[in-house]
Amino acid sequence: MRPAAFSIALIIVAAARLGGQCTASTQRLVTDQKYDEARAEADALLKKNPSDDAALHCMGMVYVAMDKSSDAIPWFEKAVKANENSSAHHLWLGNALGEQASHTNKLKLPFLARRVKGEFDRAVELDPKSWEARRGLIQFYSQAPGVMGGSMDKAKEQAREIGKFDPLRGHLEMAALLERDKDFPGVERELNSAVSAAPDSAVGYNTLGAFYRRQKRYADAVSVYEKLLRAKPDATNAHLLIGWNLKLAGENDRAEREIKQWLAAPPKDAPPQNLSAAHQFLGDIFAAQSKKDAARAEYELALQINPKNPDAKKALESLK
């Protein structure tokens, strides 16, 4: 049964995903979470030209990165007003409005839902090959109640449209919809097709491996990541993912080796959350081996790197 309200999660923001609207300098500041400085740079551009739609959009993206979608909305609206023919402006206005919909009251929801869909429709109209905009429609159709225009059939139709110009993304979106329907054989089929469609991309492998992990098919997940390493030896994150699945399977000796191998040379762009999780995983392994001091040291290190790591915090408290 569909929920009475729907939520469209914002696409995860990374420096490389600021829509090409922010300068390289502002992108770096956002990546480093120096949001005040990032806003100052965008503001400086707007003082020179208040109608600079790229700078207006960039300001909105900074607020998105800060998880303040309500503050981002006015900036995207201004960007749309300055340049109505930008698909990216409409896409991100739709994203921000969709996020706001998850916090609004039921009386305002139908109006907001129409706005969300309208922005995504316009983004697709302006750029039919924008998979992000079509993904926005997928999220809308799959999450909105039927009385507001929700339809799984229409969501799947958008996934098929994506597949016409981006087979990898098309299979990934269809897999996500099938998983919501609990059609797990269908999910596996689509994700294997995603790997076949783009064997040089880590995305398909990682998504298939994550599916197997959710299904507690840890050996299958490990096999997928091993296949990824054979195809892309530089995909070193696979070692951490192999270690995670082996830990979950109780194969702690090899899990420890894989995680330590990743920690010895983590990717330069490894986010703090991943580094924290790696130490937490080691803590879990040591705790299972009754090595409490070693486990405590790893949990404390995990929390130093990411104080918001809830699993490390809970595990550390359990040792006291």
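In what follows, residues are counted from 1 in the order of the sequence shown. Computed from a predicted model, the values in this text were never measured in an experiment.
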Handout entry: Min side-chain heavy-atom separation Glu125-Ser87 under 4.5 Å
Key = no
Practice task
May I ask you to decide if the ring planes of Tyr63 and Trp75 are parallel, tilted or perpendicular, using 30° and 60° as cut-offs?
Solution key: parallel
Problem - Counterpart residues, ring-ring contact (aromatic ring centres under 6.0 Å, His included), relative to Phe281 (two or more places apart) - result: Trp244
Problem - Under 3.5 Å: donor-acceptor pair, side chain of Glu41, backbone of Thr26 - result: yes
Exercise for the section: Return the set of residues passing side-chain hydrogen bond (donor to acceptor under 3.5 Å, both in side chains) with Asp36 (not counting sequence neighbours), or none when no residue passes. Expected result: Arg39
Handout entry: Hphob cluster co-occupancy, Leu191 + Val203, side-chain heavy atoms under 4.5 angstrom
Key = yes
Handout entry: Any donor-acceptor pair under 3.5 Å from Tyr299 side chain to Ala294 backbone
Key = no
Practice task
Test salt bridge (Lys or Arg N to Asp or Glu O under 4.0 Å) on Glu161 and Lys164 and set out the steps.
Solution key: CA-CA 5 Å; Glu161 287 297 319; Lys164 291 178 182 179; 2.9 Å; yes
Problem - From Gln273 atom CD to Lys308 atom NZ, the distance as rounded to the nearest 0.5 Å - result: 9.5 Å
Exercise for the section: Report yes or no: do Met152 and Met174 belong to one cluster of Ile/Leu/Val/Met/Phe/Trp/Tyr joined by side chain heavy-atom distances under 4.5 Å? Expected result: no
Exercise for the section: For salt bridge (Lys or Arg N to Asp or Glu O under 4.0 Å), just list the numbers for Arg214 and Glu179, CA-CA rounded to whole Å, side-chain angles, deciding distance to a tenth of an Å, and then say yes or no. Expected result: CA-CA 11 Å; Arg214 291 193 297 276; Glu179 188 162 6; 2.8 Å; yes
Handout entry: Closest non-hydrogen atom pair between Ala79 and His89, with its separation
Key = O-CD2, 3.3 Å
Handout entry: Lys156 NZ: over 12 foreign heavy atoms closer than 6.0 Å
Key = yes
Completion exercise
Correct closest heavy-atom pair for Val224 and Tyr205 would be CG1-O, 3.2 Å
Fill in the blank from the handout: Shortest non-hydrogen pair, His90 vs Leu126, comes out as CD2-CD1, 3.6 Å
Problem - Heavy-atom closest pair, residues Phe165 and Lys129 - result: CE1-O, 3.2 Å
Problem - Minimum-distance pair of heavy atoms, taken over all atoms of Ala255 and Lys247 - result: CB-N, 3.6 Å
Practice task
For the pair Thr31 (side chain) and Gln27 (backbone), establish whether a donor and an acceptor sit closer than 3.5 Å, ignoring hydrogens and angles.
Solution key: yes
Exercise for the section: Would you sort out whether Asp52 and Lys48 count as a salt bridge (Lys or Arg N to Asp or Glu O under 4.0 Å), showing the intermediate values? Expected result: CA-CA 9 Å; Asp52 184 341; Lys48 294 179 182 178; over 6 Å; no
Exercise for the section: Check the pair Arg122 / Glu84 against salt bridge (Lys or Arg N to Asp or Glu O under 4.0 Å), numbers first and verdict last. Expected result: CA-CA 10 Å; Arg122 181 60 175 150; Glu84 203 280 335; 2.8 Å; yes
Exercise for the section: Could you tell me whether a side-chain N or O of Ser223 sits under 3.5 Å from a main-chain N or O of Ala219, the two making a donor and an acceptor? Expected result: no
Problem - Arg180 side chain vs Ser142 backbone, donor-acceptor pair below 3.5 Å - result: yes
Handout entry: Shortest non-hydrogen contact between Ile73 and Ala96, atoms and distance
Key = CG1-CB, 3.6 Å
Handout entry: Single-linkage hydrophobic cluster Tyr141~Val124, side-chain heavy atoms < 4.5 angstrom
Key = yes
